[in-house]
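Residue numbers start at 1 and run along the sequence shown.
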Amino acid sequence: MRVRKQEQRRFTRRHAAKALAFVFVSVLALVWLVPIIMMLVVSFMPPDQRAPRFGGLLISGVSWRNYVTVFEDAEIMKHFINSAAVTIPSVVLVVLISSLAAFALARLKFLARDIWFYLLIMTLMLPIPTLVVPIFQINKALGLNDSYLGLILPYTALGVPFAIVILRSFFAGFPIEIEEAARLDGCTRFGIYWRIMMPVSWPAVAVVIIWQFMTSWNEFILALVTMNSVDVKPLTLVPLVYSGQFMMRPGPMFAILTLITLPVIVVYYLMQRFMVSGLTAGAVRG
């Protein structure tokens with residue numbers, strides 16, 4: 001009887017701990033979701049209502065008019081295409097460059113290999129605002145302002161170090177026996193990288209894709225100083241471009257912000273099952 005009571009107590013404690021953890025995580029998630037909920041609520045606010053009540057959580061009705069207004073007046077699709085034209089190439093370049101560099105840093109032996117890797121890690125400490133002026137001057141000297149390359153190249157350069165950290169850790173944990181067997185069969189170094197390691201490193205690559213897509217799609221400061229022509233401005237600059245038009249109309253403004261957020265949510269949803277395994281593989285091996 002005493003053993004059974006002790007087991008029941010332990011069982012009750014475990015369930016109580018799980019329940020408390022669930023409540024804590026739920027409350028924390030709700031707190032983090034408040035800005036998103038406010039954005040969605042205000043985006044559906046009727047045009048005749050000038051301001052939401054209770055901090056943006058209550059509106060008098062639901063209306064799609066704000067989204068109709070945005071598509072009619074703000075040329076959303078043009079700016080959406082501009083963002084895609086900058087984001088997709090930067091993601092592709094980051095995956096290609098970082099995977100090759102990570103393979104070399106993890107599987108090849110060359111002079112000062114570890115020093116080069118630690119120098120790359122140090123670049124992660126640099127915040128983007130400190131690089132705005134140098135990047136602007138370089139783009140100006142190369143004639144890249146008001147062009148997609150003026151954002152694609154900086155985004156790629158800024159995204160490569162983080163991607164190398166994730167992919168190098170994944171490649172370093174790859175069994176050496178498989179690589180040796182492939183080399184005995186006549187496979188080249190590039191063949192091992194492309195035919196063997198890249199197909200099995202999809203979790204880590206998915207992390208890089210998600211991270212780089214979010215970073216490039218949501219970036220604001222570099223786009224602000226680089227893109228001066230309205231025709232090439234990405235989607236993140238649309239609220240600023242039309243702030244004068246929608247200053248007294250928060251509904252269309254938050255409708256634009258919602259449309260900016262949707263592609264990131266879609267990409268994360270499609271690849272979320274690889275996120276945890278890829279981050280774990282890149283965090284515990286080295």
Side-chain angles (χ1 to χ4, degrees), residues 32 83-84 86-131 135 151-179 182 187 189-222 261 263-286:
W32 280 98
S83 290
V86 170
T87 301
I88 294 176
S90 68
V91 171
V92 174
L93 288 174
V94 166
V95 171
L96 290 177
I97 296 172
S98 61
S99 60
L100 287 168
F103 176 79
L105 291 170
R107 313 303 289 195
L108 305 182
K109 295 181 179 180
F110 53 90
L111 182 63
R113 181 184 67 175
D114 293 337
I115 295 177
W116 284 111
F117 177 67
Y118 291 125
L119 288 175
L120 283 171
I121 293 178
M122 290 177 62
T123 61
L124 296 174
M125 305 178 190
L126 295 174
I128 291 181
T130 62
L131 303 175
I135 291 176
L151 291 180
I152 293 173
L153 297 180
Y155 289 169
T156 302
L158 294 172
V160 162
F162 173 80
I164 288 178
V165 172
I166 297 295
L167 292 173
R168 175 186 177 273
S169 300
F170 194 92
F171 290 155
F174 192 81
I176 189 66
E177 293 80 8
I178 298 178
E179 182 179 352
C187 191
R189 290 284 191 181
F190 183 79
I192 294 173
Y193 154 79
W194 185 252
R195 298 177 182 176
I196 299 176
M197 288 196 174
M198 285 301 291
V200 301
S201 63
W202 180 243
V205 173
V207 173
V208 173
I209 292 174
I210 294 171
W211 181 266
Q212 185 61 33
F213 187 91
M214 290 191 300
T215 303
S216 299
W217 186 271
N218 293 327
E219 203 282 323
F220 176 80
I221 298 177
L222 283 178
T261 308
V264 177
I265 296 176
V266 171
V267 170
Y268 180 79
Y269 176 78
L270 294 175
M271 310 186 74
Q272 62 177 337
R273 60 195 180 107
F274 301 106
M275 189 75 175
V276 176
S277 59
L279 282 175
T280 303
V284 300
R285 296 177 181 175

**Item:** Whether Thr215 side chain and Gln212 backbone form a donor-acceptor pair below 3.5 Å
**Value:** no

**Leu108 atom CG: more than 12 heavy-atom contacts under 6.0 Å** = yes

**Request:** Applying side-chain contact (heavy atoms from CB on, under 4.5 Å), run through Ile121 and Tyr118 and close with a yes or a no.
**Result:** CA-CA 5 Å; Ile121 293 178; Tyr118 291 125; 4.1 Å; yes

**Prompt:** Any side-chain heavy atom of Leu111 sitting closer than 4.5 Å to one from Trp116?
**Reply:** no

**Message:** Nearest 0.5 Å, please: how far is CZ in Phe103 from CZ in Arg189?
**Reply:** 6.0 Å

**Prompt:** What are the two closest heavy atoms between Ile152 and Val86, and how far apart are they?
**Reply:** CG1-O, 3.7 Å

**Asked** If you round to the nearest 0.5 Å, how far is CG of Leu158 from OG1 of Thr123?
**Response** 8.5 Å

**Request:** Look at the rings of Phe213 and Trp217 and say which category their plane angle falls in: under 30° parallel, 30 to 60° tilted, over 60° perpendicular.
**Result:** parallel

**Request:** List the atom of Cys187, the atom of Ile192, and the distance in Å for their closest heavy-atom pair.
**Result:** SG-N, 3.4 Å

**Message:** For a quick test of reading the model, state the closest non-hydrogen atom pair linking Val264 to Met214 and the distance between them.
**Reply:** CG1-CG, 3.3 Å

**Message:** What verdict does the side-chain contact (heavy atoms from CB on, under 4.5 Å) test give for Tyr155 and Val91, after you've listed the backbone C-alpha separation in whole Å, the side-chain angles of each residue and the deciding distance to 0.1 Å?
**Reply:** CA-CA 9 Å; Tyr155 289 169; Val91 171; over 6 Å; no

**Item:** Any side-chain heavy-atom pair of Val165 and Phe117 under 4.5 Å
**Value:** yes

**Message:** Applying side-chain contact (heavy atoms from CB on, under 4.5 Å) to Ile176 and Arg107, what does each step give before you reach the verdict?
**Reply:** CA-CA 9 Å; Ile176 189 66; Arg107 313 303 289 195; 3.4 Å; yes

**Request:** Give the minimum heavy-atom separation between Ala102 and Ile164, together with the two atoms involved.
**Result:** CB-O, 4.0 Å

**Nearest-0.5 Å distance, CD1 of residue Ile221 to CG of residue Leu131** = 10.5 Å

**Asked** Above 12 or not: heavy atoms from other molecules or residues under 6.0 Å from OH of Tyr269?
**Response** no

**Complete:** Minimal heavy-atom distance between Ala106 and Ala172, with the atoms involved, is CB-N, 3.8 Å

**Request:** Can you measure from CG (Leu100) to CE (Met198) and round to the nearest 0.5 angstrom?
**Result:** 8.0 Å

**Message:** Testing the basics here: between Leu120 and Pro161, what is the closest heavy-atom pair and its distance to 0.1 Å?
**Reply:** O-CB, 3.6 Å

**Asked** Can you tell me how far CD1 of Ile135 sits from CG of Leu222, rounded to the nearest 0.5 angstrom?
**Response** 4.5 Å

**Request:** Please find out if less than 6.0 Å separates the ring center of Phe174 from that of Phe171.
**Result:** no

**Prompt:** Got a donor-acceptor contact below 3.5 angstrom from the Ser99 side chain to the Leu96 backbone?
**Reply:** yes

**Item:** Residue pair Glu179, Ile196: steps toward the side-chain contact (heavy atoms from CB on, under 4.5 Å) verdict
**Value:** CA-CA 8 Å; Glu179 182 179 352; Ile196 299 176; over 6 Å; no

**Item:** Separation of Leu270 CG from Ile265 CD1 (nearest 0.5 Å)
**Value:** 12.0 Å

